[in-house]
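Every chain is numbered from 1, with letters handed out A, B, ... down the list of sequences. These values consider heavy atoms only, across backbone and side chains, with no hydrogens, waters or symmetry-generated copies. Quantities reported herein were computed from a predicted structural model and do not represent experimental measurements.
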Number of protein chains: 4
Amino acid sequence: MTKPQTTRKKRANGVESRQRILDAAVEISGERGYEGTSIAAVSAACGLPASSIYWHFKDKDDLIAAVIERSFDTWLAAFELPDEESGTPLERVTAVAGNVAKSLVDAPDFLRLGLMLALERRPAEPRGRTVFLQVRDIARAKIAEMAASLVPGLDEESVQILTTYAVAGADGLFVQREINGDAVDLVAMFELHAQLVYDAATRMAARRTA
Amino acid sequence: MTKPQTTRKKRANGVESRQRILDAAVEISGERGYEGTSIAAVSAACGLPASSIYWHFKDKDDLIAAVIERSFDTWLAAFELPDEESGTPLERVTAVAGNVAKSLVDAPDFLRLGLMLALERRPAEPRGRTVFLQVRDIARAKIAEMAASLVPGLDEESVQILTTYAVAGADGLFVQREINGDAVDLVAMFELHAQLVYDAATRMAARRTA
Amino acid sequence: MTKPQTTRKKRANGVESRQRILDAAVEISGERGYEGTSIAAVSAACGLPASSIYWHFKDKDDLIAAVIERSFDTWLAAFELPDEESGTPLERVTAVAGNVAKSLVDAPDFLRLGLMLALERRPAEPRGRTVFLQVRDIARAKIAEMAASLVPGLDEESVQILTTYAVAGADGLFVQREINGDAVDLVAMFELHAQLVYDAATRMAARRTA
Amino acid sequence: MTKPQTTRKKRANGVESRQRILDAAVEISGERGYEGTSIAAVSAACGLPASSIYWHFKDKDDLIAAVIERSFDTWLAAFELPDEESGTPLERVTAVAGNVAKSLVDAPDFLRLGLMLALERRPAEPRGRTVFLQVRDIARAKIAEMAASLVPGLDEESVQILTTYAVAGADGLFVQREINGDAVDLVAMFELHAQLVYDAATRMAARRTA
DNA sequence: TATGAATGAGACTTCATTCAT
DNA sequence: AATGAATGAAGTCTCATTCAT
């Protein structure tokens with residue numbers, strides 16, 4: 001009544017504000033890590049005052065955790081194994097690797113922040129770190145499942161070792177690209193990685209069966 | 001007994017103080033990264049007042065860079081290839097991998113800090129990052145040289161790709177161990193990595209010669 | 001009585017806080033110059049914590065500049081020439097001189113700080129210095145205009161020389177009073193100065209016409 | 001005996017070190033004032049460690065006072081009135097003014113620092129300020145004496161007023177030149193100043209005699 | 001005659017957070 | 001749903017000074 005509800009540009013819009021804050025936070029925390037991300041910087045980047053950030057998020061820890069949580073699904077989606085008819089096991093593994101690589105090239109902030117959180121050892125572990133490691137474990141489980149289903153005959157220990165190795169290669173190649181930029185063809189390297197791991201897996205399985 | 005108590009109280013021993021500061025700084029920065037390392041924390045850990053740290057180091061950036069520089073040699077030493085007589089090429093490569101892995105288990109702070117620095121993208125790049133990347137390039141060159149000399153017949157591009165892959169695996173396995181702790185047998189994983197890369201190299205060389 | 005106690009405790013009144021900070025800053029910086037003015041001292045004098053000062057002003061430089069800017073108008077107002085009917089040219093000039101002198105006696109902080117800023121040659125020139133010199137140029141232009149309009153027949157060069165001399169006398173007499181205190185009758189000295197400059201001007205004009 | 005006294009370049013030489021420190025201190029304090037002059041900056045400028053400065057001077061206050069004291073004589077020498085035979089009273093006064101102006105152009109640091117010290121009002125007055133004001137009083141006395149001897153018939157009050165005015169003009173013109181640089185011909189302005197003051201003096205004397 | 005090293009105090013500034021509106 | 005203003009703690013770094021050698 002007091003204020004006619006014409007299509008105001010700047011109507012209070014909680015959802016949109018939250019998004020803007022998160023967008024700013026992903027970028028900054030992806031570049032500068034946990035400690036390097038100041039509320040003031042996020043505020044400046046999203047155009048909302050610092051106190052508004054505290055309306056949407058309990059505290060800084062909560063904000064960083066939310067950043068991780070938001071990328072959650074997108075990230076895990078890349079790990080879906082294509083249908084059986086879509087090709088040979090190797091082709092299917094390679095396809096997954098390529099997808100993951102592409103998603104990393106497109107949105108590197110998630111993993112960059114995640115790895116920084118993972119490497120840090122601070123007295124009070126940030127919740128974002130916990131969340132990231134959980135997501136990581138889910139991804140790991142998916143890979144282990146892939147290995148077991150695509151390369152029959154692998155014992156559990158081999159699956160674990162191969163999975164660890166697969167994840168390590170992915171992380172390492174990502175780091176490589178972060179350091180050397182476009183000089184590293186991430187998709188190609190991921191595909192090579194997939195192939196080497198697949199080869200190793202089949203050889204391991206063969207050795208065991210023999 | 002070992003030393004007469006000439007060091008009355010705590011007076012003036014520049015070299016030792018510098019070491020103490022660096023010791024404190026390696027530990028803290030290896031755990032918390034650049035931003036997470038406060039001069040006050042280093043001061044508390046080494047027992048010297050903050051202002052004394054500034055007698056030995058120009059500023060925080062200089063301190064962190066010195067931390068990287070000090071681990072420099074130790075780190076590169078692990079990359080020395082053993083004598084030709086010491087075994088087959090594969091055995092020699094595996095030995096190097098094992099050495100590197102052991103040095104990482106013993107002193108993970110260097111690489112942990114280095115990777116955190118490498119991942120960050122802060123407006124003013126810390127000097128420590130630059131130094132770390134330089135050391136890294138030297139290590140990379142050593143690996144490339146190893147590949148070329150132990151696996152004849154590799155073209156330059158293959159050498160580069162394999163080197164990138166080798167380094168990436170090392171980084172990734174290190175991260176894995178940092179996250180999962182002793183559950184990861186770093187030495188074993190590094191040896192597996194060495195073998196897989198070596199196999200891939202010989203196959204590449206064979207394919208080319210054929 | 002005058003105001004109902006709506007201002008519960010001390011909550012949120014931006015404009016008033018800004019004034020309180022500036023009041024404290026004028027006084028302190030007028031007494032101790034740029035370097036001598038510590039934020040802690042201003043904080044103590046105005047009752048607001050140091051961090052609150054940074055809500056209102058970007059940094060110390062900005063604060064000092066604001067101090068200069070606030071006195072700006074008051075200061076320039078003293079240079080208004082009275083109406084033509086109010087007396088002979090000499091009387092009118094003398095009136096201006098008296099006004100300026102009075103304003104200096106009442107509020108010496110502006111010029112004291114300004115002169116200190118003007119004398120300093122620091123690597124990074126404070127913005128307050130720039131602003132002060134600009135205000136000063138405006139004042140100078142007003143004096144030059146007065147000279148040209150009240151003493152016809154002066155060539156441009158003479159006007160400039162007389163203006164420089166007039167300003168110098170004003171600055172110097174102010175300094176004199178700052179050093180010797182009430183022993184110096186600033187108003188009387190400014191009036192004498194006005195007269196001497198006026199005499200010199202008319203003589204210069206006469207010599208030229210002749 | 002122990003050390004042959006060949007012309008060593010870097011023999012411990014107290015006198016020379018003291019000079020080097022003072023040279024650095026004049027320059028820095030002349031540019032930045034009391035608070036702006038840090039021992040570290042002086043140390044950097046003279047090449048001697050900070051602790052060496054404390055060997056030569058009790059503390060910062062003492063150093064700044066020494067800076068003023070060293071320029072003392074040079075400065076006062078400029079105020080000597082030339083012999084009676086050297087010209088008319090006006091010519092002689094003008095000569096003194098010219099000399100003072102020249103000495104200010106050559107070595108402005110003394111007066112620049114002095115004026116900054118004079119303008120500041122800090123709780124604990126620096127000794128340098130006291131010394132400067134004393135030198136200034138001596139100079140003032142010399143001027144008063146000049147006035148009384150060259151313009152007979154002036155009563156004491158007029159002498160004081162004229163002296164104040166003469167000193168003020170000198171200070172003000174110096175400030176002007178400091179602000180505007182070479183655009184201000186300090187020697188010419190000082191000569192004009194001398195003439196105006198001399199004229200005023202003779203007129204005052206005449207009025208009184210009449 | 002000089003100095004390397006140390007040091008507590010204090011400089012400026014940013015931090016995460018709160019609170020009244 | 002949001003924000004202007006405030007705030008104590010902590011950040012990095014410089015200060016003047018001292019002391020043992």
(message) Taking donor-acceptor contacts at under 3.5 Å, does the side chain of Trp55(A) reach the base of dA2(F)?
(response) yes

(request) Measure from the side chain of Tyr54(C), starting at C-beta and using heavy atoms only, and say which of dC12(E), dT7(E), dG11(F) lies closest. (result) dC12(E)

(request) Look at all strands and tell whether Ser38(A) reaches a base, only sugar-phosphate, or nothing, counting heavy atoms closer than 4.0 Å. (result) sugar-phosphate

(message) Side-chain N or O of Ser17(A) versus OP1/OP2 of dA2(F): is the shortest distance under 4.0 Å?
(response) yes

(message) Here's a test of your reading of the structure: between Ala50(D) and Val15(D), which maps to the more 5' nucleotide of DNA chain E?
(response) Val15(D)

(message) Which nucleotide wins on minimum distance to the side chain of Ser51(D), given the candidates dG4(E), dA16(F), dC15(F)?
(response) dG4(E)

(request) Please state how far atom CD in Gln19(C) lies from atom C1' in dA5(F), giving the value in whole angstrom units. (result) 16 Å

(request) May I have the distance from Leu48(C) (atom CG) to dT7(F) (atom C1'), rounded to whole angstrom? (result) 10 Å

(message) Take a 6.0 Å sphere around CD of Glu69(D) and say whether it holds more than 12 heavy atoms from other residues, nucleotides or ligands.
(response) yes

(request) Quick one: pull up CD1 in Ile68(B) and CG in Asp109(B) and give me the separation to the nearest 0.5 Å. (result) 10.0 Å

(message) Quick check: on DNA chain F, is the nucleotide nearest Tyr34(B) upstream (toward 5') of the one nearest Lys60(D), or the reverse? Name the residue that is more 5'.
(response) Tyr34(B)

(message) Output the rounded distance in Å from CD (Glu16(B)) to C1' (dA6(E)).
(response) 13 Å

(message) If you compare all heavy atoms of Phe110(C) against all heavy atoms of Val135(C), which two are closest, and at what distance to 0.1 Å?
(response) CZ-CG1, 4.3 Å

(request) Would you kindly give the CG-to-P distance between Asp59(B) and dA11(E), to the nearest whole Å? (result) 22 Å

(request) Sort out the partner of dT21(E) for me: Watson-Crick or G-U wobble, both distances under 3.5 Å, none otherwise. (result) dA2(F)

(request) Could you check Ile39(C) against Arg18(D) and say which one's nearest nucleotide on DNA chain E is further toward the 5' end? (result) Arg18(D)

(message) Heavy atoms only, 4.0 Å cut-off, all strands: where does Ser43(C) land among base, sugar-phosphate and nothing?
(response) nothing

(message) I need the CD1-C1' distance between Ile21(B) and dA5(E), as an integer number of Å.
(response) 10 Å

(message) Please determine whether a side-chain nitrogen or oxygen atom of Ser52(B) lies at a distance below 4.0 Å from atom OP1 or OP2 of dA5(E).
(response) no

(request) Find the distance Phe57(D):CZ to dT18(F):C1' and express it as a whole number of Å. (result) 18 Å

(request) With DNA chain F as reference, determine whether Ala41(B) or His56(C) sits nearer its 5' end, using the nearest nucleotide of each. (result) His56(C)

(message) What is the distance, to the nearest angstrom, from the CD1 atom on Ile53(A) to the C1' atom on dT18(E)?
(response) 14 Å

(request) Please determine if Arg112(C) and Glu120(D) form a salt bridge, counting it only when a charged side-chain N lies under 4.0 Å from a carboxylate O. (result) no

(request) Return the value, rounded to whole Å, for the distance between atom CD of Glu35(B) and atom P of dC15(E). (result) 9 Å

(request) Find out whether the Lys NZ or Arg CZ of Lys60(D) is both under 6.0 angstrom from the six-membered ring centre of Tyr54(D) and within 45° of the ring's axis. (result) no

